[in-house]
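Reviewing the structure listed below.
Chain naming here is simple, since letters A, B, ... match the order of the sequence lines and numbering starts at 1 in each.
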Amino acid sequence: MTDRPRFYLTTAIAYANNRPGLHTLYEVVGADVIARWHRMIGHDTRFLTGTDEYSVNIATAAAEQGLEPRAFVDANVARFQQAEDALGISPDRFIRTTDPDHTDAAHEMIRRAYANGDIYLGTYEGWYCPNEGFRATSDLVEDESGVHCPNHPDVELQWLTENNWFFRLSAYQERLEQYYADHAEWVAPEFRKNEMLGFIRGGLEDFSVSREGASWGIPFPLMPDGSSARRDDGTWDPAAGTVYVWYDALINYITGAGFPNDPEMFEHWWPADLHVIGKDINRFHTVFWPAMLMSAGLPLPKKVWVHGWLLAQGERMSKSRGNFLDPIDVVAALGRDGTRYTVLREVAFDRDSDVSWDSFVRRYNADLANDFGNLLNRSLSMSKRYRGGERSAPTGGDLAATWAATFEAYGRKLEACLLHEALEVLWDFVGEANKFVEAEQPWTLAKAAKNGDTGADARLSGVLGDLLEACRVIAFAAAPFMPEAAARAATQLGVAYDYADDGNDGPPLRELVAWSALEPGGSIGAAEPLFPRLETDDAEPDPA
RNA sequence: GGCUGGGUAGCUCAGUGGCAGAGCAAACGGCUCAUAAUCGUUAGGUCGGCAGUUCGAAUCUGCCCCCAGCCA
């Protein structure tokens, strides 16, 4: 296919039971930045995100609205895609677990696990939460009205006995411990890895991978005697039940890489370089999923990054609490790139962070309108006024040296998934450039030049050249976060922006942002505020 | 209950034994290229609490309090 390094990354797939909140898409925005970074530095990149659409709960929610499950998830998936478009998300594939090839992948995984002796028929009996599945008794809360699931106290629990297929997770404890020992950084941040290691050492129980009687799910491909549930007419025998939603959901990561129908593609993309997930589903991704892959004889993803949650006044943002932000509202106020920057700068990518509308507006104004937007504007304005719009050549002065170190540190932070710190590093340089203006005082140099001081005139050209260059390299470096603003900045600076909408097909970013990488000369374009300043009380949306 | 992460300026956080820091917000001053911008200065701390180790503790030890998480 290509000899460029390849990079395959995924987000968790979102449960398609509602419209998405910013706290859900935050993960996708972060992954999108990482994907764009890899595309722009020249990697052969594949970015997978999508929706998780099966489960009894989805079927129930659909019925409450008088809809067939398929129509229900289609409507919700459309809302996800609309919100992701608004945020400039650039997946190479938007996968839906209802896609036909995903059924093939799930079936193949079950066949492999069965052939390996890792799937067996058993009986499960216990309290069942329609929203979450079976719950351990020790996990339930009890009050005068009975026992309840701690996460869904209003939902009535059912005592169920089911004949289910089980995955022999207990057989993988030692192999998982060994894998963790051999791959010290495969789950990060480290405290997330340690949590799971502790969990594994506490002993693993087999888990159920099928649901008896549930119809909205991937048909289970095996009959109780192990024979195929596929009937002569190509349909699946409903008596076999369906695949448990968590078991099939994880498999999306290999479906999206070509498993099992396109072996050449799968060979190219798997194992994934990075799974980006939330802390609530760590166990599924770093205990269940690796065991499933081991059972199927497939390599494990190279890295799982576990991010935190968005909090509002200390509480987790969620649709059920009603304290979430609608991404469409935020984009309407801050713009697409303003939202991308602000949410990833304001929220740490490795832990929970408290956010608010005020904190977003403050961050947008301080960093985007004032610091960077105004730096670009003043640099262009002075070039226009003092040099008639000619692009002066940069020098190899102090800013050049600082920039080299800045970009290196920025890339390191980005590749370590510390996106907020990457932006902090980059914006330190924005501050350096603003200080440089005050130190050099181009307006003073311009007056001296006007009075015939040729030394001041030459110095002014160098200062303006350095400022335009600083704006150029900052804009291109920040392009994974703010692709449209970067392109607009390039136009204003009079330089080409040769990347496709998803960040592909352009020059290697590291070369492009080297100081003085471009031929000097040419003219700047028209200046226009890149990020208009917001009034503090502008457009605050009603609580969603 | 066990374990993990956190508690530092109004806010968000950095700081692993040597004079308590940054950004934002605030006040004041400078500058005039700029989106009321920007640059500088100032103010603002019982470093969750108590005890201990040490010449010296935000940092190490013990106990305790609070927030969040993991323990199917």
Side-chain angles (χ1 to χ4, degrees), chain A residues 124 126-127 129 132-140 150 167 169-170 187 189-208 246 278-284 286-288 306 308-309 311 313-316 345-348 350-356 358-387 418 420-421 423-425 427-428 430-447 460 463-464 467-468 471 527-536:
Chain A
Y124 194 100
W127 286 109
C129 167
E132 285 196 35
F134 283 99
R135 305 284 319 216
T137 308
S138 61
D139 218 17
L140 300 172
F167 180 84
L169 185 65
S170 54
V187 181
E190 192 177 15
F191 74 96
R192 294 291 172 204
K193 179 188 78 172
N194 291 338
E195 278 180 0
M196 287 307 109
L197 203 46
F199 173 73
I200 293 166
R201 286 180 178 144
L204 298 176
E205 293 173 20
D206 299 346
F207 67 94
S208 165
W246 259 110
K279 65 181 186 177
D280 50 329
I281 54 176
N282 191 3
R283 189 198 314 150
F284 293 101
T286 59
V287 181
F288 292 21
V306 187
W309 286 332
L311 309 178
Q313 287 161 356
E315 283 206 318
R316 179 187 184 183
R345 179 66 186 86
E346 200 61 14
V347 181
D350 59 345
R351 56 175 179 267
D352 296 353
S353 298
D354 216 87
V355 302
S356 66
D358 281 353
S359 71
F360 278 11
V361 172
R362 267 205 304 275
R363 178 65 73 178
Y364 172 96
N365 278 338
D367 288 11
L368 297 180
N370 297 353
D371 288 347
F372 179 56
N374 186 57
L375 174 68
L376 174 67
N377 206 245
R378 68 197 306 207
S379 301
L380 291 167
S381 166
M382 287 188 282
S383 291
K384 178 105 182 166
R385 181 182 293 222
Y386 302 140
R387 282 296 174 270
L418 296 169
H420 58 297
E421 292 188 15
L423 288 173
E424 182 182 20
V425 164
W427 252 252
D428 282 348
V430 174
E432 291 302 313
N434 273 317
K435 287 178 181 61
F436 177 74
V437 179
E438 305 299 324
E440 296 293 342
Q441 301 195 14
W443 49 92
T444 306
L445 292 171
K447 275 179 201 156
L460 176 59
V463 168
L464 294 176
L467 284 174
L468 294 176
C471 291
E528 192 183 335
L530 199 59
F531 294 103
R533 192 180 162 82
L534 297 173
E535 294 313 313
T536 319

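When the P atom of B:C11 is taken as reference, atom CZ of A:Arg363 falls 16 Å away, rounded to whole Å. As rounded to whole Å, 16 Å separates atom P of B:A72 from atom CG of A:Asp280. Put simply, CD on A:Glu432 is 12 Å from C1' on B:C39, counting in whole angstrom units. One can place CD of A:Glu190 at 21 Å from P of B:G69, the figure rounded to the nearest angstrom.
Put simply, the side chain of A:Asp206 gets close to the backbone of A:Ser170: a donor and an acceptor are under 3.5 Å apart. The main-chain N or O of A:Gly308 is never found under 3.5 Å from a side-chain atom of A:Asp352 such that the two would form a donor-acceptor pair. In terms of modelled atom types and a separation under 3.5 Å, the side chain of A:Asn374 and the main chain of A:Ala369 share no donor-acceptor contact. For A:Thr286 (side chain) and A:Asn282 (main-chain N/O), a donor-acceptor pair under 3.5 Å exists by modelled atom type.
Side-chain proximity of A:Arg283 to the nucleotides B:C33, B:A72, B:G69 is greatest for B:A72. For A:Trp443, taking side-chain heavy atoms from C-beta onward, the closest of the listed nucleotides B:G69, B:C33, B:A72 is B:C33.
In this structure, B:A72 forms no base pair with any nucleotide, since neither Watson-Crick nor G-U wobble geometry is met with both distances under 3.5 Å. The nucleotide B:C63 finds its pairing partner in B:G49, both defining distances of the Watson-Crick or G-U wobble pair being shorter than 3.5 Å. Here B:A27 sits opposite B:U41 as a Watson-Crick or G-U wobble pair (both hydrogen-bonding atom distances under 3.5 Å). The partner of B:A36 cannot be assigned: no Watson-Crick or G-U wobble pair with both contacts below 3.5 Å exists in any strand. Nucleotide B:G17 is matched to nothing when pairs are restricted to Watson-Crick or G-U wobble geometry with both distances under 3.5 angstrom.
For the C1' atom pair drawn from B:G17 and B:C55, the interatomic distance equals 12 Å after rounding to whole Å. For the P atoms, the distance from B:G18 to B:U61 is 15 Å, rounded to whole Å. Look at the C1' atom in both B:A25 and B:U42: the space between them is 15 Å, to the nearest Å. Atom P of B:A58 sits at a distance of 14 Å from the matching atom of B:A51, rounded to the whole Å. B:A9 and B:U46: their C1' atoms are spaced 13 Å apart (whole Å). Across the C1' atoms, B:C63 and B:A27 are found 43 Å apart, a figure rounded to whole Å. Across B:U59 and B:G52, the matching C1' atoms stand 15 Å from one another, rounded to whole Å. The gap from the C1' atom of B:C67 to that of B:U8 amounts to 16 Å, rounded to the nearest Å.
In this structure, A:Asp371 reaches the sugar-phosphate backbone alone: every heavy-atom distance under 4.0 Å involves primed, P, OP1 or OP2 atoms, never a base. Within the 4.0 angstrom heavy-atom criterion, no nucleotide atom of any strand lies near A:Phe207. Residue-level contact check: A:Leu380 touches neither bases nor backbone, having no heavy atom under 4.0 Å from any strand. Across all strands shown, A:Leu375 has no heavy atoms under 4.0 Å from either base or sugar-phosphate atoms. A:Gly202 comes within contact range of no nucleotide atom at all, as no heavy-atom separation falls under 4.0 Å.
Place A:Met196 and A:Pro532 on RNA chain B by their nearest nucleotides, and A:Pro532 ends up nearer the 5' end. Between A:Lys447 and A:Phe372, the residue whose closest nucleotide on RNA chain B is further toward the 5' end is A:Lys447.
Considering only heavy atoms from C-beta on, A:Met382 comes within 4.5 Å of A:Leu467 through its side chain. Put simply, the side chain of A:His420 does not reach to within 4.5 Å of the side chain of A:Glu346, judged on heavy atoms. Two residues are said to be in side-chain contact when any heavy atoms from C-beta on lie closer than 4.5 Å; A:Leu204 and A:Phe199 meet this criterion. Between A:Leu418 and A:Asp350 there is a side-chain heavy-atom pair separated by less than 4.5 Å. Between A:Trp443 and A:Leu460 the shortest side-chain heavy-atom distance does not fall below 4.5 Å.
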Would you tabulate the nitrogen or oxygen pairs shorter than 3.5 Å linking the protein to nucleotides 25-30 of chain B?
{"residue": "B:G30", "atom": "N2", "partner": "A:Glu438", "partner atom": "OE1", "Å": "3.4"}

For nucleotides 4-8 of chain B, which of its nitrogen or oxygen atoms have a protein nitrogen or oxygen under 3.5 Å away, and what is each distance?
none

With the criterion being N/O to N/O and under 3.5 Å, what pairs connect the protein with nucleotides 13-16 of chain B, and how long is each?
{"residue": "B:C13", "atom": "O3'", "partner": "A:Arg351", "partner atom": "NH2", "Å": "3.2"}
{"residue": "B:A14", "atom": "OP1", "partner": "A:Arg351", "partner atom": "NH2", "Å": "3.2"}

* Evaluate the salt bridge (charged side-chain N to carboxylate O under 4.0 Å, His left out) criterion for residues A:Arg192 and A:Glu195: first the C-alpha distance (whole Å), next the side-chain angles of each, then the deciding distance (0.1 Å), finally the verdict. => CA-CA 5 Å; A:Arg192 294 291 172 204; A:Glu195 278 180 0; 3.2 Å; yes
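Between the side chains of A:Arg378 and A:Asn434, at least one donor N or O sits under 3.5 Å from an acceptor N or O.
In terms of the ring-ring contact (aromatic ring centres under 6.0 Å, His included) criterion, residue partners of A:Phe284 (sequence neighbours excluded) are, by chain and number, A:Trp246, A:Phe288. Applying the side-chain contact (heavy atoms from CB on, under 4.5 Å) rule to A:Ser383 yields the partners A:Leu464, A:Leu468, A:Ile524; only residues at least two apart in sequence or on another chain are considered. Looking at residues two or more places apart in sequence or on another chain, you find no side-chain hydrogen bond (donor to acceptor under 3.5 Å, both in side chains) involving A:Glu528.
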